[in-house]
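Just so it is clear: chains get the letters A, B, ... in the order the sequence lines come, proteins before strands, and each one is counted from 1.
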There are 2 protein chains.
Amino acid sequence: MSDSSPQPQSLHQRILNDIQQLILTGAWQPGHKIPVEHELMKQYNCSRMTVSKVLTQLAHARMIERRRKSGSFVSRPHSQSAVLTIPDIKTEVAALGMPYSFEVLHKVRRRASAEERELLGFERAVSVLEIECRHLAGERPFCFEQRLINLEAVPEAAKETFEETAPGAWLLQRVPWTLAEHRIRATGAEARSAKLLGIERGAAVLTIERTTRSAQSTAITFVRLIYPGDQHELVATFSPERVGRSAQ
Amino acid sequence: MSDSSPQPQSLHQRILNDIQQLILTGAWQPGHKIPVEHELMKQYNCSRMTVSKVLTQLAHARMIERRRKSGSFVSRPHSQSAVLTIPDIKTEVAALGMPYSFEVLHKVRRRASAEERELLGFERAVSVLEIECRHLAGERPFCFEQRLINLEAVPEAAKETFEETAPGAWLLQRVPWTLAEHRIRATGAEARSAKLLGIERGAAVLTIERTTRSAQSTAITFVRLIYPGDQHELVATFSPERVGRSAQ
DNA sequence: CGATTCATTATGCCTATACATTAACGTTTA
DNA sequence: TAAACGTTAATGTATAGGCATAATGAATCG
């Protein structure tokens, strides 16, 4: 699992890895001054552009800070951060080695209520599609999904039955590049979700709420995913975001 | 709040933003072929290095894929992903505008049990420091922290009282650059945490477990943070990670 | 007719150079 | 002594070109 790339790839990568290593291992503590470009140039016997590119990348990744005339310095880590991937539910179930299925419980087209407009970040009236789904891993309820789709943004959704493809996956195909905001909470299950998930009322559930916007910041969809608490686990990895991604 | 940078900054940024926009808005769908470097060169009346740099950055951010001879293509989004920042608890409380405090409830040095060695990813016997803390926002319990520190990795921890600085912050100062793995769950509070958080047994709590490793992948610490479920909310942002960060 | 070779094309990576911008520092001047 | 000024070391941005590599298609040869 540990970086077992045989050829040390490009000069770029080598310099970048070297410096990154020094920082990650703590050999260069926060505040440490990184050799100036001309020194690195001599050290690696390369041109300035090359080292500059490397340092720029590191700066983008916020591992170093660059100050004109003074030089570059190892920056102080901002706080604990992680890259959290919330996969498609189908993928998630598949990863457990269980057969996946889902059912649409409810589907209505209507005007958004005041509260819903708030969630979607709208002032005006909008027409939305409300969908409720249940996702199953084998026979077992895996997740309860409550979704609102902004029909102004995705009018085709009105005609879709969502029998083949679940709303989430369908939307991802249709509007591939989106910005999203997530809120993750633990709550006690209220009556409806408890029943649908086959758990007791008040049992702990993990709730993930996501508002998805297109780049122009029009809200596309709002979704609330409710997972039985003790069954499900969100896994996130990494603190310092990887800069050079060599082997996938 | 929306990007109100007056001068369109560098040529770099402009090209990058242009292309990014086209992808994010969906004008260029996944699979779309991006103009070859020579075309972009002509289009922006600049040198090849400049466009190459831009495309390289986009490739790093995984928004495009580059194939020799074939050209560059808009890549398919992998799945929903987000950048989740789990801040320092002190910062978190401060953000709520509440006075922060914490207390050390328990602190023992001992050998790690088999189960704990598992958590830390150790085969051999190791000596650990076990600490339990309670974090408060005002008078209200905010978070219950259970922590193990690997004393082989951070021997100084044995002498530390953790009265000034909470263990999390203390460690971050000491071993600044780390990799971490997070697991997030919703569970019912068991007796001890319920009592300490002033909630009922079985009430929903948000549990975040984190194993922190240094770059050489030696485990530094394992921590379990338990938050009262309905009070606390984890917020995560962004799907496509931002490439160009202009205004800090 | 099929296999090999070869040129073309487009990316990947690097060098060398240039000028712009900034900020720290030292020197001069009021 | 302090403000004003110039110098210079560092980064920031860009140009122009080079060789390497991989895929594709066309030309050539057995």
Which pairs, protein N/O on one side and nucleotides 3-7 of chain C N/O on the other, fall under 3.5 Å?
none

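In this structure Q173(A) satisfies the side chain to side chain contact (heavy atoms under 4.5 Å, CB included) test with no other residue, sequence neighbours excluded. Applying the side chain to side chain contact (heavy atoms under 4.5 Å, CB included) rule to A94(B) yields no partners; only residues at least two apart in sequence or on another chain are considered. Under the side chain to side chain donor-acceptor pair (under 3.5 Å) criterion, T211(A) pairs with R183(A), sequence neighbours left out. Residues meeting the side chain to side chain donor-acceptor pair (under 3.5 Å) test with T221(B), sequence neighbours left out: R147(B).
The environment of CD in E156(B) is crowded: more than 12 heavy-atom neighbours from other residues, nucleotides or ligands sit within 6.0 Å. Applying the 6.0 Å contact sphere to CD of E118(A) captures no more than 12 heavy atoms from other residues, nucleotides or ligands. Annotation: E123(B), atom CD; neighbour count of heavy atoms from other residues, nucleotides and ligands within 6.0 Å does not exceed 12.
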* Can you give one letter per nucleotide of nucleotides 5-14 of chain D, 5' to 3': B if a protein heavy atom sits under 4.0 Å from the base, S if only from the sugar-phosphate, - if neither? -> ----BSBBBB
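Going from atom OH of Y44(B) over to atom P of dA16(D) covers 18 Å, rounded to whole Å.
Taking the six-membered ring for Trp and thresholds of 30 and 60 degrees, Y227(A) and H232(A) have nearly parallel ring planes, at less than 30 degrees apart.
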